[in-house]
Student: 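My structure is below; once you've seen it, I'll send some questions.
In this chain, residues are counted from 1 in sequence order.
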Amino acid sequence: MTAKAKPADTISPEDAIDPSKALVPSVQRVNEVRVKEGFWPKLGRVASRIPFANPVVSVYYAARDPETPMAAKGIMLGALAYFVMPVDAIPDVLAGIGFTDDAAVITAVIATLGANVKKRHRELAEKALEKLR
């Protein structure tokens, strides 16, 4: 291993959200673990404060669906990892603007990959959010 090479398990936050690396298997695995461990706890803390909770959860269910193409999953997991990570372009604790960057990332994913977010994903999201509220 060269001095600049990184082991697969030490992916930086920048690597995790870099769209050009979304389909790199090691980045995808790291994002999947981050989302698996951090998504529901964070959503439980912030669901009442974010107006885009339903799209976030819909993307989560689409990313977990075996029928969603692998390329779409990689990009969705990158967006969800950005939502989950504590390192943020605009800190989530800033009232009023803290989640605007997260909303922008999720909106961009839905704009480009919206065909992969099916009605069943949106219905599952609504049910999950009803339970959280």
Side-chain angles (χ1 to χ4, degrees):
M1 181 180 302
T2 66
K4 291 186 177 185
K6 294 183 195 176
D9 60 347
T10 59
I11 305 296
S12 74
E14 292 79 19
D15 289 343
I17 61 173
D18 182 348
S20 69
K21 297 180 182 178
L23 301 180
V24 174
S26 60
V27 172
Q28 199 165 358
R29 279 191 305 276
V30 168
N31 284 343
E32 191 168 2
V33 169
R34 280 189 177 122
V35 170
K36 188 181 231 180
E37 293 174 356
F39 182 76
W40 290 110
K42 177 156 186 180
L43 191 69
R45 289 189 309 271
V46 302
S48 64
R49 296 186 320 205
I50 59 171
F52 60 97
N54 197 301
V56 170
V57 181
S58 297
V59 169
Y60 171 83
Y61 282 116
R64 308 249 324 150
D65 189 337
E67 294 179 19
T68 300
M70 192 58 69
K73 281 184 183 190
I75 294 168
M76 289 175 180
L77 286 169
L80 292 169
Y82 182 79
F83 174 73
V84 170
M85 289 188 328
V87 176
D88 222 335
I90 302 173
D92 294 340
V93 296
L94 294 176
I97 63 165
F99 288 104
T100 55
D101 57 327
D102 299 290
V105 169
I106 295 299
T107 300
V109 165
I110 291 174
T112 42
L113 302 170
N116 295 290
V117 181
K118 309 290 186 197
K119 182 179 178 183
R120 68 180 177 270
H121 303 137
R122 290 187 296 275
E123 289 170 351
L124 287 167
E126 191 58 45
K127 288 178 186 175
L129 288 169
E130 284 175 20
K131 289 180 183 178
L132 279 176
R133 293 179 183 137

Student: In Å, rounded to the nearest 0.5 Å, how long is the span from CG of Asp102 to CE of Met85?
Tutor: 9.5 Å

Student: Residues two or more places apart in sequence or in another chain: which of them pass side chain to side chain contact (heavy atoms under 4.5 Å, CB included) with Ala62?
Tutor: Thr68, Met76, Val117, His121

Student: Quick one: list whatever passes side-chain hydrogen bond (donor to acceptor under 3.5 Å, both in side chains) with Asn116, sequence neighbours left out.
Tutor: none

Student: Under the ring-ring contact (aromatic ring centres under 6.0 Å, His included) test, which residues partner Tyr61, sequence neighbours left out?
Tutor: none

Student: Going through the distances and angles, do Arg120 and Glu67 end up as a side-chain contact (heavy atoms from CB on, under 4.5 Å)?
Tutor: CA-CA 12 Å; Arg120 68 180 177 270; Glu67 294 179 19; 3.2 Å; yes

Student: Provide the closest heavy-atom pair for Leu113 versus Ala72 in the form atom of the first, atom of the second, distance.
Tutor: CD1-O, 3.8 Å

Student: What pairs with Val46 under side chain to side chain contact (heavy atoms under 4.5 Å, CB included), at least two apart in sequence or on another chain?
Tutor: Lys42, Arg49, Ile50, Phe83, Phe99

Student: Please name the pair of heavy atoms, one in Ala53 and one in Ala47, separated by the smallest distance, quoted to 0.1 Å.
Tutor: CB-O, 4.2 Å

Student: Can you name the side chain to side chain contact (heavy atoms under 4.5 Å, CB included) partners of Val105, sequence neighbours left out?
Tutor: Ala79, Tyr82

Student: Decide yes or no on side-chain contact (heavy atoms from CB on, under 4.5 Å) for Leu132 and Leu129, but give the supporting numbers first.
Tutor: CA-CA 5 Å; Leu132 279 176; Leu129 288 169; 4.2 Å; yes

Student: Quick check for you: to the nearest 0.5 Å, what is the distance between Trp40 atom CH2 and Arg45 atom CZ?
Tutor: 13.5 Å

Student: Write out all pairs satisfying salt bridge (Lys or Arg N to Asp or Glu O under 4.0 Å) with one or both partners inside residues 122-132, taking only residues at least two apart or from two chains.
Tutor: Lys119-Glu123

Student: Under the side-chain contact (heavy atoms from CB on, under 4.5 Å) rule, what do Ile110 and Val59 come out as? Steps first, then yes or no, please.
Tutor: CA-CA 8 Å; Ile110 291 174; Val59 169; 3.8 Å; yes

Student: Return the CD1 to CG distance between Ile75 and Leu80, rounded to the nearest 0.5 Å.
Tutor: 12.0 Å

Student: Would you call Asp65 and Lys73 a salt bridge, using N to O less than 4.0 angstrom?
Tutor: no

